[in-house]
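Working notes, beginning with the structure itself.
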Amino acid sequence: MLNNHYYCIIMAGGIGSRFWPISRTRKPKQFLDFSSQGKSFLRFTYDRYKAVIPEENIIVVTLDRYKEMVKMHLPELREENLLLEPYNRNTAPCLTYATYTLLKRDPHAVVVATPSDHIINHHTVFNKTLVNALEYAAGSDALITLGVYPSRPDPHFGYIQMAGPADDDRPVKVKTFTEKPDTELARVFIDSGEFLWNSGIYVWTASAIRRELETYAPEITRLWAGWQDKLDTEHQKEFIERIYTDMPRISIDYAVMEKSSNAWVFPAKFKWADIGNWESLYDYLANHDQNGNASSITGKDLVRDCKDNIFYSSEENKLLAIRGLENFIVINTEDVLMICPRDEEKLKDFLSELAMPEYEKYR
């Protein structure tokens with residue numbers, strides 16, 4: 001039987017700008033389906049957690065503009081469990097909003113907080129790890145991050161250094177956090193055996209994270225003065241809109257986890273990927289051919305003499321005909337065709353020009 005004091009917060013307010021032109025402001029990454037199963041990242045995330053968390057205790061935090069999209073992907077989600085932010089202010093304000101909401105509903109809430117765009121396999125191992133972490137958090141003040149054993153020196157992930165030897169049945173004190181080191185430093189981390197990938201999945205009691213937020217992020221929590229009288233009432237929307245005009249943009253790692261003396265990491269052996277860049281999407285796409293091309297093509301394709309590319313087309317009535325490309329990204333949508341070398345830095349510089357006013361309609 002599922003524990004009624006266990007809750008899940010799904011953070012689903014990002015705009016997924018790194019995956020332009022597939023992901024747009026009007027339909028960001030969490031609502032897209034790159035799988036062969038006809039399910040969005042958000043749908044996968046919700047289904048994953050309902051194996052451990054009662055469905056009535058799953059909260060989704062997103063932007064006002066995505067309200068109807070969330071309801072379309074999760075029609076069973078309770079209205080009161082859809083928390084709407086007027087602006088994206090990163091994960092610390094998002095989790096503050098959800099934490100105060102849960103504390104008003106259940107002062108004994110034990111919470112897992114997760115992004116909406118992760119890929120996780122080995123579900124039996126994941127469920128066992130999550131239950132162990134929730135049970136540990138319930139009896140302590142620990143702020144726990146699930147840390148995944150790294151399989152390669154990946155520069156796209158954050159790393160957590162353990163202060164002691166790993167224990168697969170309980171968390172270990174955190175020694176350091178490192179955000180996206182270069183490949184050589186990541187290799188040093190892995191060789192030391194002291195580092196885990198930072199999954200960005202957190203487990204804690206609502207009361208514990210409240211204390212840490214109020215200690216280390218008063219610039220956020222002071223804006224929430226009077227939340228006890230406003231949340232879950234007819235005054236909530238007006239209250240949220242007013243305080244978010246001054247809300248700082250900061251992640252929970254920078255705001256709390258890297259400062260707290262109560263930061264712990266739970267070593268995890270499930271297979272995990274954060275689909276946060278083109279290289280992780282390359283690994284995730286269902287169709288890979290013998291020449292290293294990864295593709296998601298809705299219509300017909302004619303691909304010859306191509307190697308190590310990423311191909312995507314959402315146009316079912318269009319033929320994608322390509323010859324002689326190597327290490328490129330080709331993205332074909334209704335209103336944009338993007339052809340660019342498969343190089344993260346070059347792509348980042350190139351897409352920075354989208355901020356120009358003449359490209360606003362395509363963002």
Side-chain angles (χ1 to χ4, degrees), residues 2-3 5-11 45 48-53 57-58 91 95 98-99 102 108-151 154 157-179 186 189-190 192-213 251-274:
L2 302 180
N3 190 315
H5 292 299
Y6 287 174
Y7 294 81
C8 177
I9 300 167
I10 299 175
M11 299 174 282
T45 302
R48 179 182 309 126
Y49 284 92
K50 72 181 185 181
V52 175
I53 306 295
N57 291 357
I58 299 179
T91 54
L95 290 174
T99 296
L102 289 181
H108 304 292
V110 188
V111 183
V112 52
T114 179
S116 57
D117 57 354
H118 286 176
I119 303 302
I120 292 175
N121 294 323
H122 306 150
H123 289 161
T124 301
V125 178
F126 173 77
N127 292 347
K128 180 182 177 183
T129 302
L130 182 56
V131 168
N132 286 346
L134 286 162
E135 289 176 349
Y136 189 92
S140 72
D141 291 329
L143 307 184
I144 300 170
T145 305
L146 301 190
V148 178
Y149 285 101
S151 60
D154 197 312
F157 299 152
Y159 288 74
I160 301 175
Q161 184 180 21
M162 297 176 286
D167 186 328
D168 292 343
D169 295 320
R170 56 187 294 115
V172 182
K173 194 82 169 176
V174 171
K175 187 174 183 180
T176 62
F177 289 89
T178 303
E179 179 68 16
F189 286 173
I190 290 177
S192 74
E194 298 177 2
F195 288 80
L196 303 170
W197 281 338
N198 185 347
S199 73
I201 301 170
Y202 308 99
V203 180
W204 46 50
T205 62
S207 56
I209 190 60
R210 174 192 177 179
R211 286 192 296 272
E212 299 289 296
L213 281 162
S251 72
I252 193 66
D253 279 340
Y254 286 131
V256 173
M257 298 300 290
E258 295 183 11
K259 301 173 183 176
S260 175
S261 60
N262 284 329
W264 295 72
V265 61
F266 204 115
K269 291 183 176 178
F270 52 81
K271 188 176 180 182
W272 166 90
D274 174 8

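Bear in mind that the values here come from a model prediction, so they are computed numbers and not experimental data.
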Please give me the minimum heavy-atom distance between [X] and [Y], naming the atom from each residue.
X	Y	answer
A51	N127	CB-ND2, 4.0 Å
I10	S116	CG2-CB, 3.8 Å
T205	A137	CG2-O, 3.4 Å
I53	C8	CG2-N, 3.7 Å
I201	P115	CG1-CD, 4.4 Å
K269	H122	O-ND1, 3.9 Å

Quick one, [X] and [Y] - any side-chain contact, counting heavy atoms below 4.5 Å?
X	Y	result
Y254	E258	yes
Y202	M257	yes
V172	P267	yes
E212	N262	yes
I9	V111	yes
T178	F189	yes
T129	F270	yes
T114	M11	no

Under 3.5 Å: donor-acceptor pair, side chain of [X], backbone of [Y]:
X	Y	value
S199	L146	yes
S260	V256	no
N57	Y6	yes
R48	H118	yes
K173	V265	no
T99	R210	no

Measure the [atom1]-[atom2] distance between [X] and [Y] for me, rounded to the nearest 0.5 Å.
X	Y	atom1	atom2	result
L143	W204	CG	CH2	6.0 Å
H5	H108	NE2	NE2	6.0 Å
D253	N198	CG	CG	5.0 Å
L196	T145	CG	OG1	10.5 Å
I144	R170	CD1	CZ	10.0 Å

V52 vs L134, side chain to side chain contact (heavy atoms under 4.5 Å, CB included): CA-CA, chis, key distance, verdict: CA-CA 10 Å; V52 175; L134 286 162; 4.0 Å; yes
Check: F266 ring centre within less than 6.0 Å of W264 ring centre: no
F195 ring center near Y149 ring center (under 6.0 Å): no
Evaluation steps, side chain to side chain contact (heavy atoms under 4.5 Å, CB included), between I252 and L213: CA-CA 9 Å; I252 193 66; L213 281 162; 3.9 Å; yes
Working for side chain to side chain contact (heavy atoms under 4.5 Å, CB included), residues Y159 and T176: CA-CA 8 Å; Y159 288 74; T176 62; over 6 Å; no
NZ (K271) with more than 12 external heavy atoms under 6.0 Å: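 No, because the 6.0 Å sphere around NZ of K271 holds 12 heavy atoms or fewer from other groups.
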Parallel, tilted or perpendicular, as decided by the 30° and 60° cut-offs, for the rings of W197 and W272: tilted
Worked verdict on I58 versus K50 for side chain to side chain contact (heavy atoms under 4.5 Å, CB included): CA-CA 8 Å; I58 299 179; K50 72 181 185 181; 3.9 Å; yes
